[in-house]
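Side chains are part of it too, since the values below use all heavy atoms of this structure and drop only hydrogens, waters and symmetry mates.
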Amino acid sequence: MTANTSRSTVLTGIGTLVTNDPTVGEGPLGLIRDAAVVFDGGVVAWVGSADSAPAGDVGHDLDGRAVLPGFVESHSHLVFGGERAEEFAARMAGQPYAAGGIRNTIEATRNATDEQLQANTRRLLDESLRLGSTTVECKTGYGQTVAHELRSTRIAASLTDEVTLLAAHVPPPEYAGRADDYVAMVCSEMIDACAPQAKWIDVFCETGAFDRDQAHAVLTAGMAKGLIPRVHGNQLREGPGVQLAVELGAASVDHVCYTTQADIDALAQSSTVATLLPGADFSTRNKYPDARALLDAGVTVALGADCNPGTSYTTSLPFCIAIAVRDMHMTPDEAIWAATAGGARALQRADVGVLRPGARADALALDAPSYLHLAYRPGVPLVSDVWRGGELAWSAHTGHEKARALR
């Protein structure tokens with residue numbers, strides 16, 4: 001979607017503005033009280049006190065509402081067919097989670113038409129937008145043949161710039177007992193075909209999926225084609241995922257529920273972001289990550305919703321913020337930063353997750369005077385307005401919704 005560059009927009013009457021720029025406001029969130037912000041040409045042109053705001057072509061008085069940068073969703077699996085509600089019910093009745101359920105989604109995805117997959121992905125992106133996510137990363141991984149993964153990357157690339165090739169999700173049924181053969185195919189044919197449509201390469205480095213050597217082979221093959229590595233690691237038990245991510249300079253390692261002190265130290269000394277996915281742990285009754293230990297060690301932390309049909313069928317970063325504060329012992333400030341600037345770090349982006357001059361004009365307003373209400377009032381639909389590229393993309397008050405492609 002092309003931003004309207006012919007007029008400027010001034011948001012006034014902001015009770016609390018989160019900028020994530022400590023040079024312009026209080027603390028790490030760069031808070032400004034009684035604030036205003038100006039969008040012009042698709043970017044932030046000015047932030048500051050409302051009584052100093054310049055004039056603009058269009059004005060919106062937010063009547064004391066809080067404004068934040070748009071959420072940056074750095075981990076989602078949106079190109080899929082079917083659903084797995086029965087599997088969720090079985091887990092809630094006591095059946096433990098194992099990665100094998102992914103194979104059910106592989107079958108449903110392969111059987112879906114292009115139009116069905118496109119419509120479902122768009123539906124979930126629209127849902128994410130209404131919940132405040134203005135940048136969304138999207139993974140493949142439910143096709144797992146060259147043709148099906150290529151189809152998934154094309155669908156994702158038509159809707160977002162942040163496309164991740166997760167061909168190495170689990171070995172598909174036709175490669176049962178032959179994971180090495182599947183890895184060899186991924187490293188040659190599949191990456192060759194799909195790399196032009198993707199930005200990132202990912203792998204599920206976990207028991208039941210791929211071991212360290214297999215994961216290393218997939219990531220380095222992707223890197224050789226210009227893709228940037230990410231890792232699913234340490235979700236179900238301690239393992240090599242964190243160390244592999246740090247070794248290869250991955251942008252992020254995601255889940256990170258089971259870590260040793262050596263893992264935490266390695267992350268703290270690296271540029272790799274630890275992306276925590278509390279929706280998945282909530283839906284599987286898995287152990288929550290030790291966010292407090294990571295943060296206290298100086299690790300950069302992001303929060304993601306991990307929307308997928310099996311283990312975290314939610315697009316709500318507000319929900320994840322509430323869990324992170326309640327059950328992962330993050331402060332509200334830490335959780336807000338992780339869902340905005342932290343997600344941007346995980347995507348190696350400096351133009352989103354922040355409201356400062358020159359950044360993309362992506363923002364959300366809450367029907368609340370403070371960002372603290374996102375954790376204080378869990379489950380309440382507080383997001384009232386969302387701007388992307390300086391344009392009003394959705395409003396709870398008017399039902400206005402026109403932002404489709406997340407570009």
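- Classification of the Phe282-Phe319 ring pair by plane angle, with boundaries at 30° and 60°, yields perpendicular.
- With respect to the salt-bridge test (charged N to carboxylate O, under 4.0 angstrom), the residues Glu174 and Arg103 do not qualify.
- In this structure a side-chain-to-backbone donor-acceptor pair under 3.5 Å is missing from Asn20 to Gly30.
- For Asp202, the side-chain hydrogen bond (donor to acceptor under 3.5 Å, both in side chains) partners at least two apart in sequence or on another chain are Lys139, His232.
- By the 4.0 Å N-to-carboxylate-O rule, Arg237 lies close enough to Glu206 to be salt-bridged with it.
- Put simply, the side chain of Thr220 gets close to the backbone of Ala217: a donor and an acceptor are under 3.5 Å apart.
- The residues Lys287 and Asp281 are annotated as not salt-bridged, no charged nitrogen and carboxylate oxygen being separated by less than 4.0 angstrom.
- Under a 3.5 Å cut-off, the side chain of Ser252 and the backbone N or O of Ala274 do not form any donor-acceptor pair.
- A donor and an acceptor atom, one from each side chain of Gln269 and Asp265, are nowhere located under 3.5 Å apart.
- A donor atom on one side chain and an acceptor atom on the other are not found under 3.5 Å apart for Asp263 and Tyr258.
- Checking side-chain atoms of Thr113 against main-chain N and O of Gln116 turns up a donor-acceptor pair under 3.5 Å.
- Counting only N and O atoms by type, the side chains of Asn234 and Thr259 include no donor and acceptor under 3.5 Å apart.
- With Thr121 contributing its side chain and Leu78 its backbone, the two residues share a donor-acceptor pair below 3.5 Å.
- Between the side chain of His169 and the backbone N or O of Gly141, at least one donor-acceptor pair lies under 3.5 Å.
- The two residues Leu355 and Pro69 make their nearest non-hydrogen contact at CD1-N, 3.7 Å.
- Counting heavy-atom neighbours within 6.0 Å of Arg178 CZ, excluding the residue itself, gives a total above 12.
- In this structure, a donor-acceptor pair under 3.5 Å is absent between the side chains of His373 and Ser370.
- Using a 3.5 Å distance cut-off with no hydrogens or angles, the side chains of Asp21 and Thr23 do pair a donor with an acceptor.
- There is no side-chain donor-acceptor pair under 3.5 Å between Glu162 and Thr135.
- With hydrogens and angles disregarded, a donor-acceptor distance shorter than 3.5 Å links the side chain of Arg285 to the backbone of Met92.
- Side-chain contact of Glu149 with Thr140: a donor-acceptor pair under 3.5 Å is present, judged by distance alone.
- Donor-acceptor pairing under 3.5 Å is lacking for the side chains of Arg356 and Thr19.
- Neither side chain, Arg91 nor Thr284, offers a donor N or O lying under 3.5 Å from an acceptor on the other.
- Applying the salt bridge (charged side-chain N to carboxylate O under 4.0 Å, His left out) criterion to Glu107, with sequence neighbours excluded, gives no partner residue.
- Summarising the local packing, CD of Gln261 is surrounded by more than 12 heavy atoms from other residues, nucleotides or ligands at distances under 6.0 Å.
- Of the N and O atoms on the side chains of Gln235 and Asn286, not one donor lies less than 3.5 Å from an acceptor on the other residue.
- Checked by atom type and distance alone, the side chain of Ser133 never pairs as donor or acceptor with a backbone atom of Leu129 at under 3.5 Å.
- Heavy-atom contacts from other residues, nucleotides or ligands closer than 6.0 Å to CZ of Arg377 number 12 or fewer.
- With sequence neighbours excluded, no residue forms a side-chain hydrogen bond (donor to acceptor under 3.5 Å, both in side chains) with Asp211.
- Classified by interplanar angle (parallel below 30°, tilted 30° to 60°, perpendicular above 60°), the ring pair Phe80/Tyr142 is perpendicular.
- A donor-acceptor distance shorter than 3.5 angstrom exists from the side chain of Arg230 to the backbone of Ala346, with no hydrogens or angles considered.
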